[in-house]
Structures are given as C-alpha cells and as structure tokens.
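Beneath this line is the structure, given in structure tokens, with notes to follow.
These numbers come from a predicted model, not from an experiment.
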Amino acid sequence: WLKRSSCGGQPADPTPAVMSTAPAASLPSPLLIRNMARAEAPQSPPPSAMAGANARALAGRPGGNEATAPLMARTSTSSSSRAVRQVKTVPVFLLVNPKSGGHRGSKLMRVPQPFDVEVSASCTASLRIYDMLEGPSGEKPGFVQLKEATRLGPVRMVVAGGDGTVLWALEEAEKHGVDTRHQVMLAVLPLGTGNDFSRFAGWGGKAPKMRNLTKGTLSGLRELVLEWVRAKANAHDIWRVAMEVDAHRGVILKTSHERKKVPINEKRIEKLMHSYFSAGNDARAGMGQEKVRTSTRWGNFLNYGYQICLKGLPFREKEYVKDFLYALRHGQSDESPVIFSTDDDEDVHEPRLVDNPQVLIILNIPNCYGGLCRFWEGAGSVGVHPVADANILHAELDPADGKLEVLTYGSLLMEPMLNVTTQAGLPAHRFNAKRIFSGAPLFLQLVEDDEEDVVVHVQVDGEFFKLKNPSSVSFDLHRQIKVLYGGKPTDADAGSDNAEEAESSSSESDEEGIGVQQ
C-alpha cells in the first residue's frame, strides 16, 4: 500500500496503485497500513555490519582470508546527509627478509595489522606485512595473498632487504604465478649492505630508523606508505644470466650459511639481474668478504674494503680479464659476432682488448659498489681497438632500453677508490676505466684449458660465485617490470635526472596513486 522513496526520505503518494472495490469500512486504517508495511519491509543493516559481511564473504573465497578483506572497496555513510561515499582501498604488500640489516627486518613483523593509512578522503592504503622465510618456496603465505590481490588489479610490492632480496622476491612471485611484468609495481625498503638498486630507484641506500617504523605512533611507517602509494612507476629491464661450466671438470661454488665455499650440484645455473654483473678480482674480494660477513652494514663495508686492499696488493696473485675471457660476443652463442677477443694470434683479425684490466663489469644501472662508483658516466676512453662504435663515448645508460653497458677497469686497489673522487669533478679516464660496448644480448666465451684449471670469480647483484673450468656466461632480456621511483637522490649524484624525475612524478601523483608512467 505504501511506497518509500529510494533515498530513505518521506513516504511517496499513499494512493494505491490499484483501487479496491471493497466498502470503505472494510479498509484498514492508515496507521495499521503503516505498521504492516514496516513489519514486512526488510531491515537494512548498518554500514559497519555490511563491511564486516563483505570481509567475511571475501574470506570465504578460495585463497581469501583476513589479509585480503581490505582489498574490497568500502563505503561510509554521513549521519547528516545519509549519502553513501565510496572509499577506495589500495593494497600494499611489504615482503620482509627478517635476516637483512642485522635482523632489522624482523622488527617490522611487530607492526599491528592491518595497518591502514588514509591517503585522501576517498582513498585508504592497507599495508600487509609478510615474512619471506615463512613457508616453502612456491607456497609462501605472503605471495599466495599477493597473487590473490592481483586479481583486482596491479599491486604495490615493497621488498624489505638488500639487492639479493629484491631478486628473491621477483623469483618467488613468478613461482606463485604472478606476472611481474604487469601485476606488480616494485619498491624497496633498503636493509642490505650496498643497496645499489634501491639507491638508483630513489629509495636511498641506508636503512631507516626502525624505532620510527615500529614504535610509538608509527609515524615513519605512515610516511613511507604514503610515498609508496603516491610514487610513479617506470619500466626497468630484468636480465637472465646463465653460467655454465665444463661438463666433466667444471664446478660452481658459492658461500654457504656456514661461510664456506661449497659446490653446487649443477653444471649450469640461471640467475636474474636487475643492476650489474662483474667478473674478476672485485668478485674475488667480494667472495672473501662473504666468508667473514658481519651483522652490521658498516662492518660489511669495512670487511669488503679490507678484502679489496688485500687482493689488490702488488705481490698478491690476481685475476686478469685475459686470463679467463677468450671473447665477448654480441649474441647468444660462440658463433655470434665478436665485440672483442683476447686471442694473441696475429692472424685473427678481430677487435682486441686494450691494456690488461682486472675487472669486467656489465651494467644495467649507473651506480655500483654501494653507490660509490659510476664508471660509465666517468669513463673517458674506449677499451677495444679498433673501435667498432664511434658513438660509444656518447652512449647513455638507460635501464629500460633493452641494452647492457660493458666496461673494464685496471686496478682493483686504486680504481674504485679513486673513482669516488670523480664526484668532485676529477676525470675518471685518468684512472683507466674504459667503455667497451652498449647492447644485448651478450655471450662471454670463457677460456678453456685441457691441462690446467681455469678459475674466475663472478657476482650477480651482490651474490658471489666461483667458476672452476667455466664454459660461458650469457645475458638475455628476461622481462621488463614496473619499478616505483622514490624521491631520494642517489648518494653519489644528488642531481641526477632519474632522481629529479622521480621527485617530480611523486608530487604529481593522483590521490589514488595508481598512475603508471610508460
């Protein structure tokens, strides 16, 4: 008998849609009609009850639980206008390596969850923190929930750890079926020693003060969440590095948890790379540092410096590029075009390596060695003769152009130390850093000797290996991901274009923080 307006205001015209033919005395009174209508009308639950029901419904879905409940859009009602207001909830996943930074990462697990931060009147960020050590590989709870969350759109994935932890997170995400090209946007909370990738992406190279993140009002963590949500995403190349040793005499060794060199039961391994690769005396010093790694960042820096001095002394045995590398090729096999060769045969008419460098570096970002060295920008000469690319000294390094930059330098003891002074304007070419090539894919054809063992130390984004009787190391593009750029400049170059672009992008971000810069 009665109609109510859709906005819950005054009743509409009480005139019935169909007139009754019964006598007027038999009609029910208006008061009785009103009471009957109220009794039969379904009661609307309050908004808080609806939100709880939504969360419980989502938790009942396959793979859903409390951790994914905040991913749904929530509504709130004004008591004065009773207008329904949509609030967008942006999920942020913080994946923590609790062992990083002298076990600093474990302190993040104390933060109460869910940790919601208001971004604007219509947007809330919901931070969920997961331990990356929890669960076996391919079945880790944090990545299971991350995969579930990507069904609603791209998700911000923040990795708390060092350069190696970033690679671990990418590999683990892919094992859980996450498309790292489109479904996640990566940021870093630096807790490692070098933190080169974090420095380049504008998130700094030093670990934040944990008391600001985990105690009191958690103001520091709130500020970080806002930065992560408002940051813009830029493309970044991820490379596949394949290392192979001789099928019969070859061995791949790495440092174990007991800080001993142990062999890997494989003749070929693949690793992902986001920053840089090196082979030679620097990796040899780095592997020595791994054996005496401490629980503090500065302790590791001091140990690494000591190993550089020790391995770089004039009377110490050294690894030279010519001792382990036969040729660098532009391609994916030993039949690909030669970039340079170390063959001394005068009948071989191929570009030759200049001088006798100790280190070969392959860069995807400009900074290396904890942000202290930027060899590509400072190198003022070419390390091959004859020069194949006349524009090599003008080539710019871009981490999203599908290319890698190759260079060499001479002295392990002097080169990195003196290169730091290039930040004060001194020319790096005086210290013998030389550009070789810009391009990809790459194939390192290594020296083979049937009588004596050939040994080379290499590192991939801070993970060190010793290759005994190696065959090859190859580089090809794995995929391109989206990296969120922070507003902190790198320690080595406070005025870099990347840092300025990141800061500008952050300030121009929309309130939902979901923009992606192609």
Side-chain angles (χ1 to χ4, degrees), residues 236-243 273-283 319-344 348-369 373-410 415 419 428-429 431-447 456 458-461 470 472-478 480:
H236 191 96
D237 295 335
I238 300 295
W239 298 87
R240 181 189 297 108
V241 183
M243 296 173 281
M273 183 186 82
H274 52 58
S275 295
Y276 66 99
F277 165 95
S278 66
N281 236 21
D282 74 319
E319 290 181 11
Y320 292 94
V321 174
K322 293 180 180 180
D323 294 338
F324 60 79
L325 182 60
Y326 176 77
L328 173 64
R329 298 178 180 272
H330 185 195
Q332 295 180 300
S333 73
D334 56 7
E335 299 295 329
S336 302
V338 173
I339 299 170
F340 73 80
S341 172
T342 61
D343 194 337
D344 293 330
V348 177
H349 300 287
E350 296 173 337
R352 302 298 179 90
L353 188 65
V354 174
D355 297 334
N356 193 22
Q358 295 183 24
V359 179
L360 175 81
I361 300 183
I362 298 177
L363 299 171
N364 190 44
I365 63 173
N367 54 290
C368 56
Y369 298 155
C373 299
R374 303 174 72 87
F375 288 120
W376 188 258
E377 296 175 4
S381 60
V382 182
V384 294
H385 181 77
V387 178
D389 183 1
N391 295 319
I392 187 65
L393 292 180
H394 303 287
E396 296 183 357
L397 191 155
D398 182 350
D401 62 358
K403 297 180 181 180
L404 290 168
E405 279 63 43
V406 185
L407 58 82
T408 62
Y409 69 81
E415 197 75 27
N419 185 263
H429 63 268
F431 308 132
N432 212 26
K434 293 178 170 59
R435 293 189 179 190
I436 301 294
F437 182 73
S438 177
L442 299 174
F443 185 87
L444 274 64
Q445 183 179 354
L446 301 176
V447 172
V456 58
V458 302
Q459 69 86 22
V460 183
D461 286 342
S472 64
V473 179
S474 61
F475 301 79
D476 67 287
L477 186 62
H478 173 62
Q480 195 172 78

Quick one, Ser474 and Phe443 - any side-chain contact, counting heavy atoms below 4.5 Å? yes
How many angstroms lie between CD1 in Ile365 and CD in Glu405, if you round to the nearest 0.5 Å? 11.5 Å
Does Asp237 reach the main-chain N or O of Leu477 with its side chain, forming a donor-acceptor pair under 3.5 Å? no
Please confirm whether the backbone N or O of Val354 pairs with a side-chain atom of His385, one donor and one acceptor, at under 3.5 Å? no
Between Gln459 (side chain) and Asp461 (backbone), is there a donor-acceptor pair under 3.5 Å? yes
Taking every heavy atom of Ala433 against every heavy atom of Ser381, the minimum-distance pair comes out as O-OG, 3.9 Å
In short, Ala440 meets Trp239 closest at the heavy-atom pair CB-CH2, 3.4 Å
Taken to the nearest 0.5 Å, the spacing of Ser278 OG from Phe375 CZ works out to 10.0 Å
N/O donor to acceptor pairs below 3.5 angstrom from side-chain atoms of residues 387-404, sequence neighbours left out:
unit_1	atom_1	unit_2	atom_2	d
Asp389	OD1	Asn391	N	3.0
Asp398	OD1	Ala400	N	3.0
Asp401	OD1	Lys403	N	2.9

Side chains of Leu444 and Leu360 in contact at under 4.5 Å (non-hydrogen atoms): yes
Output yes when a side-chain donor or acceptor of Lys322 lies under 3.5 Å from a complementary backbone atom of Asp355, and no otherwise. yes
Between the main-chain N or O of Leu325 and the side-chain N or O of Thr342, is there a donor-acceptor pair closer than 3.5 Å? yes
What are the two closest heavy atoms between Ser336 and Gly331, and how far apart are they? OG-CA, 3.3 Å
Quick one: are Phe340 and Thr408 in side-chain contact, heavy atoms under 4.5 Å? no
Is the shortest side-chain heavy-atom distance between Phe277 and Asn364 below 4.5 Å? no
Minimum heavy-atom distance Glu319-Val456, with the two atoms named: OE1-CA, 3.7 Å
With no hydrogens and no angle check, do the side chains of Tyr326 and Asp334 hold a donor and an acceptor under 3.5 Å apart? no
Do Gln445 and Val338 touch side chain to side chain, with heavy atoms closer than 4.5 Å? no
Minimum heavy-atom separation for Val359 to Asp282, with atom names? CG1-OD1, 3.5 Å
Rounded to the nearest 0.5 Å, how far apart are CG of Asp343 and CG of Leu353? 12.5 Å
Below 4.5 Å, heavy atoms only, C-beta onward: do Val473 and Val241 meet side chain to side chain? yes
Rounded to the nearest 0.5 Å, how far does CE of Met243 lie from CZ of Phe475? 8.5 Å
Tyr276 (side chain) donor-acceptor with Asn367 (main chain) under 3.5 angstrom: no
Minimum heavy-atom separation for Pro441 and His330, please, with both atom names. O-CD2, 3.2 Å
Between Ile339 and Leu442, does a side-chain contact (heavy atoms from CB on, under 4.5 Å) hold up when you go through it step by step? CA-CA 9 Å; Ile339 299 170; Leu442 299 174; 3.9 Å; yes
